[in-house]
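One structure is given below, encoded as structure tokens.
Within every chain, numbering begins at 1; the chains are lettered A, B, ... in the order of the sequence lines, protein sequences first and strands thereafter.
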Protein chains: 2
Amino acid sequence: MSTRERIVEAAFALCAERGFDATTVDDVARRAGVGRSTFFRSFASKEEVILPELDALLGAVEARLAAARPESDPNAAVLAVTEAARLVLQHYLDEGERARTRYHLVSSVPSLRTREVAGQIAFQRVFRTFLGTWLGPDAENELRAELVANAIVTGHNFVLRRWLRGLTDTPTEDFDAAMAMVRTVMPAPFGRAIAPSPTLADRARRVAADLEALLPALHDLGPPEE
Amino acid sequence: MSTRERIVEAAFALCAERGFDATTVDDVARRAGVGRSTFFRSFASKEEVILPELDALLGAVEARLAAARPESDPNAAVLAVTEAARLVLQHYLDEGERARTRYHLVSSVPSLRTREVAGQIAFQRVFRTFLGTWLGPDAENELRAELVANAIVTGHNFVLRRWLRGLTDTPTEDFDAAMAMVRTVMPAPFGRAIAPSPTLADRARRVAADLEALLPALHDLGPPEE
DNA sequence: CAGATTCACGGTACTCAGTACCGTCGAGTA
DNA sequence: TACTCGACGGTACTGAGTACCGTGAATCTG
């Protein structure tokens, strides 16, 4: 188990015992068997131990959006943002119980909640930036991009939260339904111009096309580093 | 000038000189001619000095929404949220230059930005809560309420930001236009079922009706306290 | 008017997050 | 063996936020 993982485990264990506020960084470091310096070398703040990997997720979303080729048709744009959001949802679904305990912790601690919200804003920003460049520079288009970006993130959060609270066992289906509603809510050239809910085959085709467009850039990057 | 105001003035002056991070609470208290205890008795945190009155604004918005009587027709609901958002915009417009200097400060200081975002979430929460109760309990309606609430706040922020950055001299007209676009983006029973842009007379009638509905509750409250 | 109460304020002392800096130990390298 | 490099632990510091107490002036009360 790496140093980072040991620290995370210690932090979650202590927070479960005494709560987040009553847990000091010294406590966590001692329980993890590391020095205080090492703690802050691994995590920028006390909050980041509970909410790590936001940056990694953000990078994944950005990569997915950068791989999209929406110049040809606006369908690809909608699909790209949808699939990028699905990436985030899937990440939390894969985490399973850890995501649920984190949710309850974050819900009850203001400083954690604030930190999480800051992360969501970062996601909205990425979506907005891409949508903005795809739509072109114009005050109206900027507002459109922002509305769509926020709608996507809101829809995603809605489904994720329901799953975290145990209100649904079919999060991916819910996500499809939520995105369908989000699409009805999109201004032109998105939304109503588009077929109501693309089939799985459609989605697969789109993703394949996007991936193909991504391949040259991937080759330029060379082999993975670690 | 009250103690609070003296502290705020001192804080803005010092932040203009050295920046927010380089300004300590002791500095602000000394410049304002008060003790450190008094500072934290007047403001809960260092950030709150730069971003005060968020709570007051939130209360005004809540009161405006509580005064709406949307049971009769959904038009009143859309109008209420629009006018409540306009309340916030107007507040910043009235502040004038102070709002602009605050904007530049907040934009460049992460901790202030985080605090501001937390405030926006609070606004979204209020809008969502009212819209949710108006729409009735149902998973789909909850999502609708959230989408509409976010769209309203997004539209408001968009216009406000453009005005703060000096990109427009007609913020109220821009706000009308933005809300028109937000309306096109609303799911049923809002949005497209509604006349595109209500006239001033319409708006006045609605506000008058809402106010009349509010009167009994006002009488119950008794005379103002200060 | 004298005594009691209230309250806003200043001062002190403390906890704890976050930063800067330094010394150390072990692994890889010439 | 001698050198470098990077991860680690330890120490000391700054500054936000909290808890608590004493004081003085204003207000209430008999």
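Protein atom CZ of B:R41 is 13 Å distant from nucleotide atom P of D:dT18, rounded to whole Å. Following rounding to the nearest Å, B:D26 (CG) and D:dC13 (C1') show an atom-to-atom distance of 15 Å. Taking atom CZ of B:R18 as the reference point, atom P of D:dG15 lies 10 Å away to the nearest angstrom.
Within 6.0 Å of atom CZ in A:R165, 12 or fewer heavy atoms from other residues, nucleotides or ligands are found, so the atom counts as exposed in its surroundings.
Put simply, chain B comes within 4.0 Å of DNA chain C, heavy atom to any atom, from C:dC9 to C:dG11, going 5' to 3'.
Between A:I152 and A:Q124, the closest side-chain pair of non-hydrogen atoms is not below 4.5 Å. Inter-residue side-chain proximity for A:R30 and A:D27 is flagged as met; some heavy-atom pair is nearer than 4.5 Å.
Scanning both residues, A:F12 and A:T101, for their nearest heavy atoms gives CE2-OG1, 4.1 Å.
At a threshold of 4.0 Å, the pair B:R161-A:E142 does not count as salt-bridged, since none of the basic side-chain nitrogens sits closer than that to a carboxylate oxygen. By the 4.0 Å N-to-carboxylate-O rule, B:D176 lies close enough to B:R86 to be salt-bridged with it.
Between A:F39 and B:R36, it is B:R36 whose nearest contact on DNA chain C lies nearer the 5' terminus.
No engagement by B:S111 is indicated, since no non-hydrogen atom pair under 4.0 Å with the nucleic acid exists. Among the protein residues, A:S37 comes within range of the nucleic acid bases, having at least one heavy atom under 4.0 Å from a base atom.
Close to D:dC8, at under 4.0 Å from its OP1 or OP2, lies a side-chain N or O of A:T3.
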